[in-house]
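In what follows, chains carry the letters A, B, and so on, assigned in the order in which the sequence lines appear, proteins first and then strands, with residues in each chain numbered from 1.
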Amino acid sequence: MHPYRTKNCGELRRSNVRERARLSGWVHRARDHGGLLFIDLRDHYGLTQCVVEPDSPAFALASEARSEWVLTLTGPVVARSTDTVNPDLPTGEVELRIEEVAIQSRAEELPLPVFGDLDYPEETRLRYRFLDLRRERLHHNIVLRSQVVQSIRRRMTGAGFMEFQTPILTASSPEGARDFLVPSRLHPGKFYALPQAPQQFKQLIMVAGFDRYFQIAPCFRDEDGRADRSPGEFYQLDVEMSFVTQDDVFAAMEPVLHGVFEEFAGNRPVSRPPFPRIPYAESMLLYGSDKPDLRNPVMIADATQVFNREDVTFKAFKGKETVRAIPAPGAAAQPRSWFDRMNEWARGEGAAGLGYIVFEEENGRTVGKGPIAKFLSDDALSRLAVLTASKPGDAVFFAADKIGRAAVLAGQARLKIGSELSLTRKDCFEFCWIVDFPMYEWNEDEKRIDFSHNPFSMPNFDRDKFLALDLQDRDTILGIKAFQYDIVCNGVELSSGAIRNHRPDVMLKAFEIAGYSRDETEQRFSGMLNAFRYGAPPHGGTAPGIDRIVMLLADVPNIREVTMFPMNQQAQDLMMGAPSEVNPRQLRELHLRIVQPEKKS
RNA sequence: GGGGGCGUAGCUCAGUUGGUUAGAGUGACGGCCUGUCACGCCGUAGGUCGCGGGUUCGAGCCCCGUCGCUCCCGCCA
């Protein structure tokens, strides 16, 4: 007989009765009745109840066992009597009658119980991650992650993509996030950087003629964490394709994303390809966000003109750059205090407040109520009702400010209304592409033109006219769109992507517009620019976040729930004790000297 | 870098207006119990109330500082 097991803890069934079996696993729970001892033995595959009576020679040793000890139990599989079957357990029709006990490992008193599904503080969970990972929910999430990655690989390979590995030790890139640096031993004073993404490598893979690339790629960024963003490192499905248009990239990704989500969504419906394509400007207007949650039916409208009419005398909104109207269907049923709380919330977000109008029916016609309704003529009110598709029983909130701030506040109010009024659908996955991002934006602080998103994107603009652009023509430049797109699911940005700028002349001009001299651009991106001078195919790609895909499928709000060994918000690994000090010899070899920051007085 | 919340037994938490010896559940340890599957019953041990200072006759509770965790803003091409 195998020294550890002939079956795992999840596979014994009625058909195995009368077989002799050996199981190994952790003591999930022990119930000692004095004259009868039950041990629930658990492994990766499941749970099996094992039982022993006092007249058995195994009883003494078995009754020593405590939670999370590792045991090997041997004995005959027996059927449970009908009144003792456990229907909640796949193995619940049988039990193992213990005849032999081997204690493989003992466990000290647990800092984190494996049994039960209570929530425990992050610090404990991270410090004892190996215990937390034994628990059912987290164990299941990690298994799901593995299956999702496997499914992605299968689908990508099936679609003709090849997976290639790109370097982990590479050069610091001057743009983007803060790099993680690795000091060079052989080259004093020089550093490698961990890749923020394999961006330049995957483009070089296209220049090298490999046509369709993907990688489940680790990415490193030394930026602060958030609940949905681990500090330091994360994984993305990095994709690049040659000789493609934007639509070709969408057509390649949609079946993969739809397929993976469908495979693991259970009964939750998933958007069918083709996913909606929403221009950036339209998304900012209708949803107040560049990552709209389409499960929320509320659509924002622009009401600036209504409030500037002569028959509208609400002074607080007069002369505001923008007034956005956020419908709140059915909100008339809410008490006054609900509207007050919405206002308070808006003030907490740094806004002056949210005006609102409630539509009611009076003598067969629709009238407006609420603090600001009296400043609007009947005609203006009905115009608002049309704009916001409101009917009696509905309300409308208003966000008035500069265009950017009003849009964002309206977007936040939309999310709040959606969740507070239970309008946002649950248990479904709504995808969309956001397209036509602006290539550039105006940096008001530094009074200059910045790249709006990815500087390597191809401008969606006539090439000759682009090359001839006058840098003084700010309005034209700020109006240029890029072949740049995001894929969004349920209000979560899964990735951005782009058709890349593969032409050195256009790239130099694009950077010149953003304030980089030709020499500077040549120097900073010499690797890629050089490659583009030897025959670069038109190419483009995208890179959906693996962690976020699994978060959505596992329906958890925190990225640590789908990561095997995550760091905490301070970018520390509490279990391994990283980061840690290193010994002086290591520092000498690396030509480093530590300068501690001065303590605050 | 900034803002909010939290910090009490191994673990999860309660602790009223500042007032006697800081409690419960769970886990640990010991005892009883032959059908449980959150087994049940009895008992025992277990505390630097994050840390430092202050106010007070008296501080887990109030004040100041500090540390840690977490959520958010900044940041994340």
(request) Among the candidates B/rC37, B/rC69, B/rG10, find the nucleotide nearest to the side-chain atoms of A/P111. (result) B/rG10
(request) Kindly point out which of B/rC37, B/rC76, B/rG35 is positioned nearest to the side chain of A/R31? (result) B/rC37
(request) Send over the distance from A/F115 CZ to B/rU12 P, rounded to a whole Å. (result) 17 Å
(message) Going by side chain to side chain donor-acceptor pair (under 3.5 Å), A/D40 matches just one of A/R31, A/H28, A/R29. Which one?
(response) A/R31
(message) Can you tell me which nucleotide in B/rG74, B/rU34, B/rC33 comes closest to the side chain of A/R229?
(response) B/rG74
(request) Anything below 3.5 Å on both distances counts as a pair; with that, list the stems of at least three consecutive Watson-Crick or G-U pairs involving RNA chain B. (result) B:1-7 with B:67-73, B:10-13 with B:23-26, B:28-32 with B:40-44, B:50-54 with B:62-66
(message) Between B/rG5 and B/rA9, how far apart are the two C1' atoms, rounded to whole Å?
(response) 24 Å
(request) Between B/rC61 and B/rU56, how far apart are the P atoms? Round to whole Å, please. (result) 16 Å
(request) Measure up the A/F250 and A/Y485 rings against each other and bin them: parallel (under 30°), tilted (30 to 60°), perpendicular (over 60°). (result) perpendicular
(request) For B/rG18 and B/rG60, measure between their P atoms and round to the nearest Å. (result) 13 Å
(message) I'd like to know if A/D83 reaches the base of B/rG35 with its side chain such that a donor and an acceptor end up less than 3.5 angstrom apart.
(response) no
(message) Is the terminal nitrogen or CZ of A/R500 (NZ for Lys, CZ for Arg) located under 6.0 angstrom from the six-membered ring centre of A/F456 and within 45° of that ring's axis?
(response) no
(message) Taking only side-chain N and O atoms of A/Q570, does any of them lie within less than 4.0 angstrom of OP1 or OP2 on B/rG68?
(response) no
(message) Applying a 4.0 Å non-hydrogen cut-off, can you work out what A/E108 is touching in the nucleic acid: base, sugar-phosphate, or nothing?
(response) nothing
(request) Ignoring backbone atoms, test whether A/Q49 places a side-chain nitrogen or oxygen under 4.0 Å from the OP1 or OP2 oxygen of B/rG35. (result) no
(message) I'd like to know if A/D505 pairs up with A/R503 as an ion pair, taking the criterion as any Lys NZ or Arg NE/NH1/NH2 lying under 4.0 Å from an Asp or Glu carboxylate oxygen.
(response) yes
(request) Please state how far atom CD in A/E123 lies from atom C1' in B/rU12, giving the value in whole angstrom units. (result) 15 Å
(message) Less than 6.0 angstrom separating the ring centers of A/F511 and A/F525, yes or no?
(response) yes
When you compare the protein's N or O atoms with those of nucleotides 22-27 of chain B, which come within less than 3.5 Å of each other, and at what distance?
residue	atom	partner	partner atom	Å
B/rG27	OP1	A/R29	NH2	3.2
B/rG27	N2	A/E109	OE2	3.2
B/rG27	N3	A/E109	OE2	3.3

(message) Do the side chains of A/R145 and A/D547 get close enough for a salt bridge, i.e. N-O under 4.0 angstrom?
(response) yes
(message) Given 3.5 Å as the limit, does a donor-acceptor pair link the side chain of A/D573 with the main chain of A/M576, or not?
(response) yes
(request) Please tell me which of A/D119 and A/N454 maps to the more 5' nucleotide of RNA chain B, matching each residue to the nucleotide holding its nearest heavy atom. (result) A/D119
(request) Please report, rounded to the nearest Å, how far the P atom of B/rC76 is from the CD atom of A/Q199. (result) 16 Å
(request) Answer yes or no: does a side-chain N or O of A/N86 lie under 4.0 Å from OP1 or OP2 of B/rG35? (result) no
(message) For a quick check of understanding: with a heavy-atom distance under 4.0 Å over all strands, which category does A/N558 fall into, base, sugar-phosphate or nothing?
(response) sugar-phosphate
(message) What's the separation between atom CD in A/Q246 and atom CD in A/Q484, rounded to the nearest 0.5 Å?
(response) 9.5 Å
(request) Assign A/D88 to base, sugar-phosphate, or nothing according to its heavy-atom contacts below 4.0 angstrom with the strands shown. (result) nothing
(message) Can you tell me which nucleotide in B/rU36, B/rC76, B/rA28 comes closest to the side chain of A/R221?
(response) B/rC76
(message) Closest-nucleotide mapping onto RNA chain B: is A/L112 or A/E122 further toward the 5' terminus? I mean the 5' end.
(response) A/L112
(message) Within 45 degrees of the ring normal and closer than 6.0 Å to the centroid, is that where the cationic atom of A/R448 sits relative to A/W442?
(response) no
(request) Using a heavy-atom cut-off of under 4.0 Å over every strand shown, decide if A/P54 touches base, sugar-phosphate, or nothing. (result) nothing
(message) In this structure, how many angstroms lie between the P atom of B/rA38 and the CG atom of A/L47, rounded?
(response) 11 Å
(request) Return the nearest nucleotide to the side chain of A/R560; candidates are B/rG35, B/rC71, B/rC69. (result) B/rC71
(message) Side chain of A/Q572 only, heavy atoms from C-beta on: which candidate in B/rC75, B/rC69, B/rG35 is closest?
(response) B/rC69
(request) Report yes if a side-chain nitrogen or oxygen of A/R97 is closer than 4.0 Å to either non-bridging phosphate oxygen (OP1 or OP2) of B/rU34; otherwise report no. (result) no
(message) To the nearest 0.5 Å, what is the distance between CZ on A/R560 and CG on A/L138?
(response) 11.5 Å
(message) Between A/R226 and B/rC73, is there a contact of a side-chain N or O with OP1 or OP2 at under 4.0 Å?
(response) yes
(request) Check the side chains of A/S419 and A/T424 for a donor-acceptor pair under 3.5 angstrom, ignoring hydrogens and angles. (result) no
(request) Compare the ring of A/H33 with the six-membered ring in the base of B/rC39 and state whether they stack (centres under 5.5 Å, planes under 30°). (result) yes
(message) Any salt bridge linking A/R80 with A/E93? Criterion: basic side-chain nitrogen under 4.0 Å from a carboxylate oxygen.
(response) no
(message) Whole angstroms only, please: what is the CG-P distance between A/D32 and B/rC29?
(response) 12 Å
(message) Heavy atoms from C-beta onward define the side chain here; which of B/rU12, B/rC37, B/rG10 lies closest to that of A/T84?
(response) B/rC37
(request) Could you work out which one of B/rU70, B/rC72, B/rC11 sits closest to the side chain of A/A227? (result) B/rC72
(request) Return the nearest nucleotide to the side chain of A/Q569; candidates are B/rU70, B/rA28, B/rG35. (result) B/rU70
(request) Using the C1' atom as the reference point in each nucleotide, state the distance between B/rU26 and B/rC39 in Å, no decimals. (result) 15 Å
(message) In whole Å, measure the gap between the C1' atoms of B/rC37 and B/rC72 for me.
(response) 43 Å
